[in-house]
Amino acid sequence: MKVYLDNNATTIVDPQVFAEMEPYFVQKYGNPNSLHIFASDTHPGIKAGMERIYAGINSPREDSVIITSCATESNNWVLKSIYFDQILTGKKNHIIVSEVEHPSVIATARFLENMGCKVTYLPINSEGLIEAQSVEESITDKTALVSVMWANNETGAIFPVEEIGAICKKHNVPFHTDAVQAIGKIPVDVQSFNVDYLTFSAHKFHGPKGVGALYMKKGKELMPLLHGGSQMGGYRSGTLNVPGIVGMGKAMEQAIDALDYEMSEIRKMRDHFEDELLKIEDTFVVTPREKRTPNTILISFRGIEGESMLWDLSRAGIGASTGSACASEDLEANSVMEAIGAAEDLAHTAIRFSLSRYTTQDELDYTLKVVKAAVIRLRGISSSYAYAPAGHESGLDAHHH
Amino acid sequence: MGIDSLVGGTIWDEYSNKVTDLMNNPQNMGEITEEEAKAMGARLIVADFGAESCGDAVRLYWAVDPETDRILLSKFKSFGCGTAIASSDTMAELCKGKTVDEAVKITNIDVEKAMRDEPDTPAVPPQKMHCSVMAYDVIKKAAAQYKGVDIDSFEQEVIVCECARVTLSTLKEVIRLNELTTVEQITDYTKAGAFCKSCIKPGGHEEKDVYLVDLLEEYEKEKMAAGATLGNEGATADFAKMTIVQRIKAVDKVVDENIRQMLVMDGGDMEILDIKENGVNFDIYIRYLGACSGCASSSTGTLFAIENILKEKLDENIRVLPI
C-alpha cells in the first residue's frame, strides 16, 4: 500500500484539473501576446482561469493577481520590491517577519539584512503561534513591511492575520501574508481582513507545480522583479504559463468547493488519527487542534530521530515529512520545534503528517499500524528512550495512556 | 555545480546497500548487562556520546577481558538517523575481538569504508559523514573509561575537520607549502570541508574552535608579515649557532608541528636518532616507525618531504638520513 501524507509539501494534480490543462499544451499552444488566431485560442482559458483565481480569494476586480512561477518568487518579489522602493531609497529601513516564515521569506529577509535592511524576527509562543501584539510592539515609523504567514507549513498553526492586518492598517504599514498553506484548507478572503499582498501556489491545492501568484491590493503596487515584455501588466514579464493559469483556476475552484469537506471530514479524520497516534506513549503535538489547519499534525515521538521514522514509514510505502536534522542537508533541528522552545531532546523528533481530500480512512488505519511498529523498533534501538524519565518536562503537552 | 548537483535525488539514494541493510537490521544493537559481562569474566564499559539536542546520540557497551584488554562483546544503542544507526552498528562490529588499544585506532573513516559496497564509492553522501564521526568519539570515550584516563589523551592533535579527520597542523602545512588561497583548494588537497562543511566557516552544524577560513586568513597575514621582513635570513644563522641540544630540540619541534601528523595519518611515525655536522651540512639521522618503516616512499617522497620541511624551517644545509 502506498499512502501519501505529505500534502503540505505538494498535492496530487486533480484529474479534472489536468483534463482542463491538457488542450493548452498541444492544441491551444499559441503565445497569448501574438496577434493571430493561435494567440486568441488561448485567451478564453486565461480569462476563465484568472476569473476563478480572483473568485477563489474574493479579490475585487480592480486589485491585481499576478501569476508567478511559484510562491517563492512571489515572496521574494514582495520583500525585494519593498527593498528597492523603500529601503534602498532611504525612505524606510525596517521590515518585520516571523521566525517561522517559509525559507523564501526568511532567507530573503536575511539577504536584505546583509544589504543594510533592519529585520525584526517575531518569535512564536509555546503553541507555535505569533502574538499579534508583538507586531504592534515592533512597528516603528521606519517599518516598510510586515510579512507574517497565514498558516504555518510545519505545525498548521493559523496565525492571527485579522488582528495583524488591523494593526498594520492602523500604523499605515503594508501587510503581506504568505497564504500558501491556508488556501483550500480554511477560508481565505482578501476583503475580510486588511491584506495588501497575499502569496499562494497552485500545487498546494491539487493544481500544477510551477504556478504561483501574488495578490496586490489596488494602490499597493510593487516594482517588477522581471523586466521585459510587459506581460501581466508589466509587473511580471515572461510568456504566460497558459496551462498553468488554466490549471490553477480549476484547482482553485475545486478547492473552494471542497472547503466544507476539508473543514469537516478531513478534520474529523485528522483528529481521529491524531487521537490514535497520541495513544502511543511519549508522543507530543504542538499547536492545539482548533488553532490549526484541518489537515496537519506535527507530532514528536520521544527517543526517535525524525529521519529514522521517515525511513521506516518510507519502507512501508508511506510519505510523510520531517523538517528536522539529518533529512535535510543542513542537519539542523526542526526550526519550528526550536522556535517553540520545545525541550532540546524533542527538536529532532518531529514528524509531519498532512492529509488531503484524497486521503482515506483505510490509508490512515494502515499508517497507524506502521507507525506503531516503527515506534517499537526504533525505540528498541534508541540510546535515549529507555532511560528517559516518563513525563519528563518537555515544554509541550505530554500524552500518556 | 553541474548537472549532478542540479538534479539531486534524496540523500537516501546515496546510501550503500550495506548502510540500508544495517539500518533495517542492525546486527549489534542492544545492551550488555552487568550480569552478562560477569558471566564472561569481563568488565562492563558503557559510554555515551552526543546528545539528542544535536540530533545524534550513541551509547556503546563493551565487555572487556581485564586480563588481555580484549573486547569480547560490543553492542550499541543509538538515537539518530539511518547513517548514525548503521555507523554505530559497524563501529560495534569493528570493536569485537580487538584490544582496547587497537579499538581506539578505529576512526570514522574506517567505519565509513567498512560500510561501502564498492571500495571507491562512498557509503553515505558527504553531508552524512558527520554522522559517522560519533562512532569514533564514543570508542575513545569507552577506552578512556576503561583505562581511567582523560579522553583527550587519545587525541594529541587538534582535529579541524572531523569528518575527514584532518588536523590543524596538516592543514597549516598544506596551505603554506602549496600557497593555498581558497577553501575549495584546501578541500581538493585534504578533503577537509568536503563533508558536513561545519569546519569551513561559522554557522554550520557544529561550532568549531578553528575554521578553514581562519587558517586562510592567518596564512594571508603570515605572508604579508613575511613580505615585510623579506631578506632577513635569521633561521640559518640561528641553527648553525645552536648547541647540539638546542638543535635536537628545534628539529623535534618542527617534526612535531609539521611532519609527524603526516606520517601518523598513514599509520607510521619517526624518531630522531642523532644530528651530526658534516662539512657545511647538518646530517639528521632518523628511524621510521610503524607503517613508515616498510613503506616504499620512506626513501623517496616521504623522505624528501621531511627534508624539505626541515630545510625550509631550520637550515638549507640539512640532510635527512633514515637508518
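Chain letters run A, B, ... following the sequence lines, proteins first, then strands; residues in each count from 1.
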Work out which heavy atom in A:Ser308 is nearest to a heavy atom in B:Cys81; give both atom names and the distance.
OG-CA, 3.6 Å
Does any heavy atom of chain A fall under 4.5 Å from the side chain of B:Ser88, the backbone, both, or neither of them?
neither
Counting only non-hydrogen atoms closer than 4.5 Å, does B:Asp89 touch chain A with its backbone (N, CA, C, O), its side chain (CB onward), both, or neither?
neither
Do A:Trp311 and B:Asn24 have side-chain heavy atoms sitting under 4.5 Å apart?
yes
In this structure, CE of B:Met29 is separated from OG of A:Ser383 (nearest 0.5 Å) by 12.0 Å
More than 12 heavy atoms of other groups within 6.0 Å of A:Tyr366 OH
yes
The complete set of salt bridge (charged side-chain N to carboxylate O under 4.0 Å, His left out) pairs with one or both residues in residues 106-128 of chain A, sequence neighbours excluded, reads A:Glu127-A:Lys291
B:Met23 and A:Asp312: which non-hydrogen atoms are nearest, and at how many Å?
CE-OD1, 4.4 Å
Any chance you could measure A:Arg377, atom CZ, to B:Asn25, atom CG, to the nearest 0.5 Å?
7.0 Å
Heavy atoms only: give me the nearest B:Lys77-A:Arg379 pair and the separation to one decimal.
NZ-O, 4.4 Å
Check whether any side-chain heavy atom of A:Tyr385 lies under 4.5 Å from a side-chain heavy atom of B:Phe79, and answer yes or no.
no
Does any part of the side chain of A:Glu307, heavy atoms only, come nearer than 4.5 Å to the side chain of B:Ile11, both counted from C-beta?
yes
CG/A:Asn114: more than 12 non-hydrogen atoms of other groups inside 6.0 Å
yes
At a 4.5 Å cut-off on heavy atoms, which part of A:Leu378 comes close to chain B: side chain, backbone, both, or neither?
side chain
Evaluate whether atom NZ of B:Lys191 has more than 12 neighbouring non-hydrogen atoms of other residues, nucleotides or ligands under 6.0 angstrom away.
no
